[in-house]
Amino acid sequence: MKLFEHEAKDIFRAFNMPTPSGGVAMTPKEATERAAEVGKPVVVKAMVLAGKRGKAGGVKFADTPQEAEKFAEEILKMRINDLPVEAVLIEEKLDIEQEIYAGITIDRNERKYVVIGSAAGGMSIEELAEESPEKIIKMYVDPSLGFQAFEARQMAIAMGFKGKQINQLGSFFLKLWKIVEAYDVELTEINPLILTKDGKFYAADARLNIDDNSLYRHKAIIEKLKREPVDQNERERLATENDMAYVELDGNIACICNGAGLTMATLDAISLYGGKASTFLDLGGGADAERVEKGIEIALMYPKVKAILVNIMGGITRCDDVARGILAARNDGDITAPIVIRMVGTNEEEGQEILKKAGIPFLKTMEEAASKVVELVKEVA
Amino acid sequence: MKLFEHEAKDIFRAFNMPTPSGGVAMTPKEATERAAEVGKPVVVKAMVLAGKRGKAGGVKFADTPQEAEKFAEEILKMRINDLPVEAVLIEEKLDIEQEIYAGITIDRNERKYVVIGSAAGGMSIEELAEESPEKIIKMYVDPSLGFQAFEARQMAIAMGFKGKQINQLGSFFLKLWKIVEAYDVELTEINPLILTKDGKFYAADARLNIDDNSLYRHKAIIEKLKREPVDQNERERLATENDMAYVELDGNIACICNGAGLTMATLDAISLYGGKASTFLDLGGGADAERVEKGIEIALMYPKVKAILVNIMGGITRCDDVARGILAARNDGDITAPIVIRMVGTNEEEGQEILKKAGIPFLKTMEEAASKVVELVKEVA
Amino acid sequence: MAILVDKDTKVIVQGITGGQGTFHSGAMLEYGTKIVAGVTPGKAGEVINGVPVYDSVIEAKESQGANASIIFVPAPFAGDAALEAIAADLNPVVVITEHVPVKDEIRVIHAAKVKGITVIGPNTPGVITPGAKQKVGIMPGHVFSHGDVGLMSRSGTLTYEIAAGMTNAGIGISTALGLGGDPCVGLTTIEAVKLFKEDKDTKALVLVGEIGGDAEERAAAFIKKEYDLPVVGFIAGRTAPPGKRMGHAGAIISGSSGTAAAKIKALTEAGVAVADKPSDVARLLKEAL
Amino acid sequence: MAILVDKDTKVIVQGITGGQGTFHSGAMLEYGTKIVAGVTPGKAGEVINGVPVYDSVIEAKESQGANASIIFVPAPFAGDAALEAIAADLNPVVVITEHVPVKDEIRVIHAAKVKGITVIGPNTPGVITPGAKQKVGIMPGHVFSHGDVGLMSRSGTLTYEIAAGMTNAGIGISTALGLGGDPCVGLTTIEAVKLFKEDKDTKALVLVGEIGGDAEERAAAFIKKEYDLPVVGFIAGRTAPPGKRMGHAGAIISGSSGTAAAKIKALTEAGVAVADKPSDVARLLKEAL
């Protein structure tokens with residue numbers, strides 16, 4: 001679950017991490033009030049769960065409350081990365097001495113949390129990693145001891161800080177770690193973490209992603225946020241509700257399969273035969289007829305879809321169940337695009353029998369099926 | 001810091017640990033109200049930070065609110081172990097199927113937390129350890145992993161529980177561990193933890209001691225309790241405020257020394273010569289003149305004191321500082337009992353010079369000093 | 001011979017009384033797996049598929065002499081179940097459960113590492129050694145035939161697809177191994193290659209990877225230096241867009257890292273024949289052997 | 001020879017810029033201790049008593065080649081400082097600080113144990129080896145003279161009292177060691193006895209104990225079985241009442257355990273000559289040697 005910047009900053013403040021003064025506004029009028037409260041030049045930022053909002057025009061500096069209102073109005077109307085801007089955050093514009101990067105994420109090779117810092121913040125860590133990898137300091141967290149205060153200070157030292165800034169910046173890293181531990185955070189970034197001209201550190205930005213698998217442990221915070229995850233469109237939300245993995249792509253063939261690896265391989269096969277997939281839809285293990293029907297329904301809600309490829313490798317999933325699901329979808333008139341079916345494995349013969357009786361054709365290999373669906377789309381176009 | 005039972009139970013409830021219904025009362029009238037709210041027979045318990053309050057008459061069962069009021073009135077007037085009863089706790093009288101012991105403390109040999117349980121609760125764990133040690137189950141907590149749910153269940157299994165009670169009791173132990181971790185608890189006991197006839201577990205009692213050295217980490221809870229540690233008399237409190245170790249004993253000679261080991265050894269030496277100490281007072285390391293004077297002042301507040309033995313082994317503590325402190329106390333007229341001084345080590349000669357000039361006698365070995373002070377007391381008596 | 005699971009493997013099924021545990025313990029027993037006990041706290045005395053149920057792993061182990069565990073308990077309790085298996089020195093510990101919080105995974109993996117225990121998964125189909133008729137997992141046993149090719153993969157059904165293709169082509173498997181679809185898993189790709197290297201009955205490898213992380217690149221570096229037998233690879237997700245989780249929590253391209261192209265390049269440079277389609281794997285194996 | 005501290009010991013003083021750190025680093029230097037660096041985060045570049053100050057232990061160690069640490073930082077930060085010293089592989093780590101939370105002590109002791117590092121204390125006067133003119137601690141150096149008797153104790157000034165008595169009687173010390181007055185300390189009594197047993201220049205032991213716990217009983221059992229040289233004991237707190245902390249957090253009789261009587265009995269049965277008064281220790285040593 002990705003938190004909005006202002007939500008993340010509420011948590012930061014609960015851990016005594018300094019953030020710029022200001023607050024969130026849902027309307028241009030509220031933005032004026034927030035800016036007036038700050039009483040200094042402010043930054044107006046789009047609250048949207050998408051990266052690169054700065055480049056999309058979602059961050060503006062305003063010298064007066066009136067200007068803040070104007071920018072808030074503009075920004076609140078925007079969509080960034082196909083997502084609506086939910087609110088704006090009005091914050092004091094800081095007097096910047098230095099922009100710093102601070103983050104914690106999980107290193108999948110080490111199977112450890114890794115704390116990352118750089119004195120060259122402001123740009124994305126990926127860009128920084130390409131341009132100046134030597135400027136990135138990484139420290140792995142011992143799984144039995146956790147991240148220690150002395151290690152947090154070592155981060156600051158390695159980043160080139162001196163004197164009391166070692167303790168100040170170390171304290172920032174330590175608090176960030178405590179937040180990671182407390183909230184099952186899988187990725188957090190403060191970029192930039194700002195050192196002001198008068199020598200203070202502030203979390204000027206805040207990214208905080210909570211491990212979705214851990215949300216059952218954090219009911220209090222979800223309750224407090226009073227919202228569901230919002231970085232999804234209607235189809236994505238529907239798929240999540242039905243516990244299906246669903247990703248939209250640029251092509252026009254919807255792939256409905258069981259298993260993530262098989263679904264990816266199916267997408268790839270379509271590409272090999274010159275087609276382009278529109279949809280990654282993994283039904284998961286042991287899908288029954290109803291689930292198959294639901295999957296077809298969700299896939300067809302996406303306007304780009306011109307054809308469907310169902311590719312099932314029966315293991316726990318039984319081919320007869322899949323066949324019944326397809327049949328039901330057809331009988332309900334849900335299948336509004338050409339469909340190609342490939343289905344092998346558990347109860348393969350029973351499933352094929354059902355399809356045969358219903359006059360629905362099916363294929364035996366995924367290569368045949370992929371090549372067939374690409375052909376169909378070409379005919380439709 | 002020892003918490004009162006009702007304070008400990010507030011924490012238990014915050015961790016979703018079932019406790020009997022009821023509440024605390026400061027007056028007999030409040031006790032009636034609490035009992036009426038419970039609406040069933042209740043137990044009226046003295047809130048006092050002393051063991052064996054049951055044997056002292058501090059726990060009574062009342063069938064009606066009127067009876068509860070009467071018992072509350074009696075109990076609120078009591079002193080148990082020389083401490084006033086601060087309040088009474090009125091709680092539902094449970095329908096007991098079994099009394100269980102559950103506790104967590106620190107094992108000083110293993111340098112680990114140890115979880116302790118017994119299906120034979122109700123009596124003190126020390127008595128139980130003597131009578132039926134085989135009924136006590138102990139499990140050490142791995143310092144890097146902490147106490148795990150499966151270990152908590154193993155406790156319940158080893159204690160002889162079966163079926164869903166394994167999970168229920170396991171959950172009790174796990175919550176107790178989480179409290180220990182969250183609040184730097186050095187000792188907690190639920191004795192008895194009651195299994196009711198309808199198959200539910202309740203923390204019927206609650207003992208919770210927080211490591212005094214960790215209190216700086218728990219300001220929120222201390223704030224919430226709105227009290228200072230209360231299991232001390234005025235002299236003890238004064239010594240604590242002045243960061244001195246102070247213990248009152250049955251004899252009549254106050255020992256004022258530097259270092260806990262030396263102070264104990266001085267007490268023992270007095271006993272060897274046929275005397276009895278009234279006071280253990282360890283000034284700590286590096287005591288200055290003011291501190292020595294303060295120590296003498298506190299020691300003499302205890303009415304039992306008939307003579308004082310100051311025994312200083314100068315290391316960080318300087319004998320001249322000690323001499324100046326004694327001199328100041330004498331000059332202020334604070335020394336109202338015979339005093340014997342033994343003082344060696346750092347700046348020994350300067351210190352002795354000061355005492356000599358002031359006409360205050362001193363001795364060179366602790367044996368001489370101990371034997372001398374015992375003589376003095378005999379003369380006084 | 002094989003790796004991880006063989007005829008001497010005696011398995012405890014943790015969470016045997018749940019739907020998944022009951023269903024798959026039945027399927028495993030049918031395949032031939034030696035399941036000696038099940039564990040569900042509070043349900044000691046029950047019997048599932050003829051298997052006695054205990055309250056704790058240690059009781060089950062001590063009563064029945066088990067040496068491995070497979071875990072079907074729900075995600076919130078899976079980490080605890082794995083720690084219980086590790087504490088009882090079962091090895092390997094196969095965690096089928098999906099959606100285990102990554103913080104729990106890290107704790108489990110670290111605890112296992114300290115004791116030298118292999119954790120497979122979480123979010124894995126498990127391990128199967130067809131020659132010993134032992135599967136500790138949820139894969140359909142009939143698609144795996146006995147032979148001398150080791151198969152490892154980060155995904156389930158894709159593994160079955162490739163195994164079925166191999167079986168149809170008359171190529172058998174020594175051990176097939178699901179590594180799990182999560183970013184953090186116990187046994188890593190490179191560790192699996194090392195295990196197969198030590199197994200004298202494995203004469204070739206199939207490495208099925210997917211986008212996300214650089215486990216395949218690391219394995220490729222090892223293969224280039226240390227592994228002399230034929231290896232055929234397949235990488236799923238060539239057409240996956242960056243920044244999207246493709247079903248598996250671990251299948252995500254972040255920035256320029258974790259792409260199929262990079263993995264295919266690394267494997268090719270290590271002398272691995274990389275298949276374009278799952279069905280090419282069997283053909284490339286035949287060419288290589 | 002001696003134990004823990006000798007002429008090759010090169011010490012880092014953590015918290016050197018604080019009052020205690022500055023005062024005692026001066027006293028240690030005066031005694032002859034090789035202090036090579038101090039550490040106070042944020043104060044790199046300062047010089048205290050001629051000793052250069054660094055921001056971190058690792059920097060201090062790498063710059064000056066230290067191998068031991070003494071810690072004077074305030075209690076809330078002492079656990080972190082000890083973990084920093086342990087991470088930098090300094091050994092021993094002497095924690096002078098009093099009032100360290102026991103939870104922190106447990107973490108530190110465990111972390112050290114995993115790496116085979118000796119932690120002395122917390123709440124200890126430290127270690128002194130008079131023959132090498134090295135003290136890593138706060139004891140007054142002049143009361144300890146060089147010789148072949150090992151001295152260990154759970155208290156400070158009582159140790160000085162006994163050491164002074166030995167010095168006056170012409171008995172010298174190989175190494176004297178404060179174990180610390182807290183219930184949980186790093187180096188335990190029995191471990192100290194074992195270290196002295198391995199030291200061929202220690203010909204006899206003085207074991208100064210006090211009420212609380214059963215460290216002395218455990219050491220007595222070991223001495224009975226494995227230690228053949230003379231041992232003289234002293235136990236403080238014979239007249240202490242149960243249930244009261246006698247100054248040290250660890251000096252408390254709980255129920256019937258931790259009494260002086262039990263300790264004296266165990267030591268006597270192990271062949272240890274137990275002194276009635278501190279001044280008897282030197283006499284008993286003379287008789288034994």
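First the proteins, then the strands, lettered A, B, ... as listed; each starts at 1.
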Which one of [options] has the most heavy-atom pairs closer than 4.5 Å to chain A?
{"options": "C:Ala249, C:Ala251, C:Gly186", "answer": "C:Gly186"}
{"options": "C:Ala260, C:Gly156, C:Pro278, C:Ala215", "answer": "C:Pro278"}
{"options": "C:Gly247, C:Pro101, C:Ala75, C:Pro241", "answer": "C:Pro101"}
{"options": "C:Gly237, C:Ser155, C:Gly243", "answer": "C:Gly237"}
{"options": "C:Ser257, C:Gly250, C:Ala111", "answer": "C:Gly250"}
{"options": "C:Glu161, C:Arg154, C:Arg245", "answer": "C:Glu161"}

Between C:Lys263 and C:Glu217, is the closest basic N to carboxylate O distance under 4.0 Å?
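Yes, charged N to carboxylate O under 4.0 Å.
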### Message
I'd like to know if C:Asp104 pairs up with A:Arg217 as an ion pair, taking the criterion as any Lys NZ or Arg NE/NH1/NH2 lying under 4.0 Å from an Asp or Glu carboxylate oxygen.
### Response
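Yes, this pair counts.
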Identify which part of [X] has an atom lying under 4.5 Å from any heavy atom of chain C, answering side chain, backbone, both or neither.
{"X": "A:Ala265", "result": "both"}
{"X": "A:Asp268", "result": "both"}
{"X": "A:Ile316", "result": "side chain"}
{"X": "A:Glu130", "result": "side chain"}
{"X": "A:Thr365", "result": "neither"}
{"X": "A:Tyr246", "result": "neither"}

Could you tell me which of [options] has the largest number of non-hydrogen atom pairs under 4.5 Å with chain C?
{"options": "A:Asp142, A:Asp107, A:Asp184, A:Ile270", "value": "A:Asp184"}
{"options": "A:Cys257, A:Ala277, A:Ala245, A:Gly261", "value": "A:Gly261"}
{"options": "A:Asp282, A:Asn258, A:Val180, A:Thr263", "value": "A:Asn258"}
{"options": "A:Met264, A:Glu181, A:Glu126", "value": "A:Met264"}

Please give me the minimum heavy-atom distance between C:Lys115 and C:Ile86, naming the atom from each residue.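 In terms of heavy atoms, the two residues are closest at NZ-O, 3.2 Å.
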Are any of the side-chain heavy atoms of [X] and [Y] separated by less than 4.5 Å?
{"X": "C:Thr189", "Y": "C:Leu179", "result": "yes"}
{"X": "A:Arg342", "Y": "A:Val310", "result": "no"}
{"X": "A:Leu283", "Y": "A:Val292", "result": "yes"}
{"X": "C:Val95", "Y": "C:Ile120", "result": "no"}
{"X": "A:Ile116", "Y": "A:Ile104", "result": "no"}
{"X": "C:Met166", "Y": "C:Leu285", "result": "yes"}

- [ ] Verify the neighbour count for atom CD of C:Glu30: are there more than 12 heavy atoms of other residues, nucleotides or ligands below 6.0 Å?
- [x]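 Not more than 12 within 6.0 Å, no.
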Look at atom NZ of A:Lys304 and say whether more than 12 heavy atoms of other residues, nucleotides or ligands are closer to it than 6.0 Å.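 Yes, because the 6.0 Å sphere around NZ of A:Lys304 holds more than 12 heavy atoms from other groups.
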Heavy-atom distances under 4.5 Å only: say whether [X] touches chain A with side chain, backbone, both or neither.
{"X": "C:His110", "value": "side chain"}
{"X": "C:Val208", "value": "neither"}
{"X": "C:Met139", "value": "neither"}
{"X": "C:Arg238", "value": "both"}
{"X": "C:Glu191", "value": "side chain"}
{"X": "C:Ile235", "value": "backbone"}
{"X": "C:Lys103", "value": "both"}
{"X": "C:Val114", "value": "neither"}

Query - Check against salt bridge (charged side-chain N to carboxylate O under 4.0 Å, His left out), A:Asp321 and A:Arg291 - result: CA-CA 9 Å; A:Asp321 281 342; A:Arg291 200 167 168 75; over 6 Å; no
Exercise for the section: Report yes or no: do A:Ser278 and A:Asn252 form a side-chain donor-acceptor pair below 3.5 Å? Expected result: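 The answer is no; no qualifying pair exists.
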Exercise. Are C:Val274 and C:Leu284 close enough, and set up right, to give a side-chain contact (heavy atoms from CB on, under 4.5 Å), and what steps lead you there?
Worked result: CA-CA 8 Å; C:Val274 181; C:Leu284 290 173; over 6 Å; no
